[in-house]
There are 2 protein chains.
Amino acid sequence: MSTQFGSRVRELRTKQKMLLRQLASKLDVDTSIISKIERGDRQLKKEQIPLLATILQADKVELETLWLADQLMQLVKDEPTADEALKSVSKKIKKTK
Amino acid sequence: MSTQFGSRVRELRTKQKMLLRQLASKLDVDTSIISKIERGDRQLKKEQIPLLATILQADKVELETLWLADQLMQLVKDEPTADEALKSVSKKIKKTK
DNA sequence: TTTGTCTTGACGGATACTGGCAAATATATC
DNA sequence: GATATATTTGCCAGTATCCGTCAAGACAAA
């Protein structure tokens with residue numbers, strides 16, 4: 001249930017002695033949402049990552065990468081052909097670059 | 001807009017001189033849906049892949065892999081950190097195996 | 001117990017997805 | 001060309017899913 005993204009957010013937040021309530025307020029959402037995001041029950045909307053990075057004084061690219069990895073993981077977990085599919089996509093991505 | 005999965009399905013279907021209408025009938029859906037799936041406008045439901053493979057006398061695992069790759073591609077396309085995220089997931093997958 | 005933080009479940013609204021239909025377009029056959 | 005068949009496209013209603021809020025519960029510190 002836990003996510004790389006959520007764990008990292010919690011790590012960043014607590015390191016700054018910031019409360020859920022405070023982070024939620026700055027993101028303009030209810031406290032419960034942040035709680036769920038940090039525990040991996042919900043996904044943060046992609047568009048909110050930049051603001052979150054600013055609030056936490058964190059690296060935006062790092063958070064975006066973790067967020068994307070979580071989305072991918074959710075898709076391939078329990079998929080027997082996950083490895084091959086991932087490789088195929090990696091290859092295709094590089095070609096278009 | 002086109003997908004690996006859809007292109008492969010069309011290839012398999014036409015190779016057998018099967019009409020959209022016929023394939024749709026066997027899958028018990030409207031013709032237009034199959035048309036859209038083959039052209040990449042829609043996704044086939046994962047649960048339907050085994051039946052489709054049987055109808056087309058195709059390799060189920062191959063179709064599942066293509067299908068999964070399409071889902072991943074949709075997620076990472078236009079993502080600057082796609083490559084790193086993909087690698088991260090690959091690594092994590094292998095550990096749990 | 002009281003206070004403050006965090007967690008959890010349920011709810012309504014918004015959004016996205018699904019299959020079906022019908023019209024439009026394409027392709028073939030004459 | 002005309003006709004018949006095959007495919008594509010746009011739109012609709014029903015459904016599922018996601019999102020944020022609220023309220024209640026769990027937990028810890030004093």
Side-chain angles (χ1 to χ4, degrees), chain A residues 1-52 55-56 63-64 66-79, chain B residues 1-52 55-56 63-64 66-79:
Chain A
M1 196 59 113
S2 86
T3 58
Q4 294 189 80
F5 180 84
S7 302
R8 182 73 177 121
V9 169
R10 172 148 296 188
E11 187 181 12
L12 288 164
R13 177 178 63 80
T14 55
K15 197 166 285 179
Q16 303 185 30
K17 314 255 186 254
M18 191 183 293
L19 299 176
L20 275 181
R21 167 167 52 80
Q22 298 171 314
L23 178 51
S25 160
K26 292 193 178 181
L27 276 173
D28 198 30
V29 292
D30 191 81
T31 304
S32 64
I33 291 186
I34 308 297
S35 170
K36 284 165 186 167
I37 287 170
E38 289 187 353
R39 315 189 88 253
D41 282 2
R42 292 232 182 154
Q43 309 289 351
L44 185 72
K45 282 199 279 188
K46 187 165 63 170
E47 301 77 35
Q48 294 174 306
I49 299 180
L51 174 55
L52 179 67
I55 296 172
L56 294 176
L63 292 182
E64 283 171 341
L66 290 176
W67 183 91
L68 184 56
D70 283 343
Q71 314 300 312
L72 294 173
M73 181 62 76
Q74 195 171 352
L75 213 47
V76 304
K77 78 164 188 289
D78 305 326
E79 289 282 349
Chain B
M1 196 58 112
S2 86
T3 58
Q4 293 189 80
F5 179 83
S7 302
R8 182 74 177 119
V9 169
R10 170 148 297 187
E11 189 180 11
L12 289 163
R13 177 178 61 81
T14 54
K15 197 166 286 178
Q16 305 185 28
K17 314 257 187 250
M18 192 183 293
L19 298 176
L20 276 179
R21 166 168 51 80
Q22 299 172 316
L23 177 52
S25 162
K26 292 193 177 181
L27 276 173
D28 197 31
V29 293
D30 191 80
T31 304
S32 63
I33 291 183
I34 307 297
S35 169
K36 285 164 186 166
I37 287 170
E38 289 187 353
R39 316 189 88 252
D41 282 3
R42 293 230 182 154
Q43 309 288 352
L44 185 72
K45 283 199 276 188
K46 186 164 62 171
E47 302 78 25
Q48 295 175 304
I49 298 179
L51 175 56
L52 179 67
I55 296 171
L56 294 177
L63 292 182
E64 284 173 341
L66 289 176
W67 182 91
L68 185 55
D70 283 344
Q71 314 300 312
L72 294 173
M73 180 62 76
Q74 195 171 352
L75 211 48
V76 303
K77 76 164 191 291
D78 306 326
E79 288 283 349

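Just so it is clear: chains get the letters A, B, ... in the order the sequence lines come, proteins before strands, and each one is counted from 1.
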Practice problem: Find the distance B/Q43:CD to C/dG19:P and express it as a whole number of Å. | Solution: 12 Å
Quiz prompt | Residue whose closest nucleotide on DNA chain D lies nearer the 5' end, B/R39 versus B/R21 | solution = B/R21
Quiz item: Checking B/D70 side chain against B/F5 main chain: does a donor-acceptor pair fall under 3.5 Å?
Solution: yes
Practice problem: Report yes if some heavy atom in the side chain of B/Q4 is under 4.5 Å from a heavy atom in the side chain of B/M73; otherwise report no. | Solution: no
Practice problem: Please answer whether the main-chain N or O of A/L56 pairs with a side-chain N or O of A/Q16 as donor and acceptor at a distance below 3.5 Å. | Solution: yes
Quiz prompt | Under 4.0 Å protein heavy-atom contact, by nucleotide of nucleotides 21-30 of chain D - B base, S sugar-phosphate only | solution = BB--------
Exercise. Check whether any side-chain N or O of A/S35 sits under 4.0 Å from OP1 or OP2 of C/dC6, and answer yes or no.
Key: no
Quiz item: Which whole-number value in Å describes the distance from A/L44 CG to D/dC18 P?
Solution: 15 Å
Exercise. Answer yes or no: is there a side-chain heavy-atom contact under 4.5 Å between A/K46 and B/E79?
Key: yes
Quiz item: How far apart are the closest heavy atoms of B/I55 and B/K26, and which atoms are they?
Solution: CD1-CB, 3.6 Å
Quiz item: Can you check whether B/E38 reaches B/L44 side chain to side chain, under 4.5 Å on heavy atoms?
Solution: no
Exercise. Calculate the interatomic distance between B/I34 atom CD1 and C/dG19 atom P; express it in whole Å.
Key: 9 Å
Quiz item: If you look at every heavy atom in B/M18 and B/R13, which pair is closest and at what distance?
Solution: O-NH1, 2.9 Å
Quiz prompt | Rounded (10°) bend between the five-pair end axes of the helix from C/dT1-D/dA30 to C/dC30-D/dG1 | solution = 40°
Practice problem: Mind calculating the distance between CD (B/E47) and P (C/dT18) to the nearest angstrom? | Solution: 10 Å
Quiz item: Mind checking whether B/L52 and B/W67 have side chains closer than 4.5 Å, heavy atoms only?
Solution: no
Quiz item: In whole Å, what is the span from the CE atom of B/M18 to the C1' atom of D/dT7?
Solution: 16 Å
Practice problem: Decide yes or no for B/L12 and B/L63: does some side-chain heavy atom of the first lie under 4.5 Å from some side-chain heavy atom of the second? | Solution: yes
Quiz item: C/dT5 P sits how many Å from A/R13 CZ, rounded?
Solution: 11 Å
Practice problem: Could you state the atom-to-atom distance from CG of B/D41 to C1' of C/dG19 in whole Å? | Solution: 15 Å
Quiz item: Atom CD1 of B/I37 and atom P of D/dT8: how far apart are they, to the nearest Å?
Solution: 12 Å
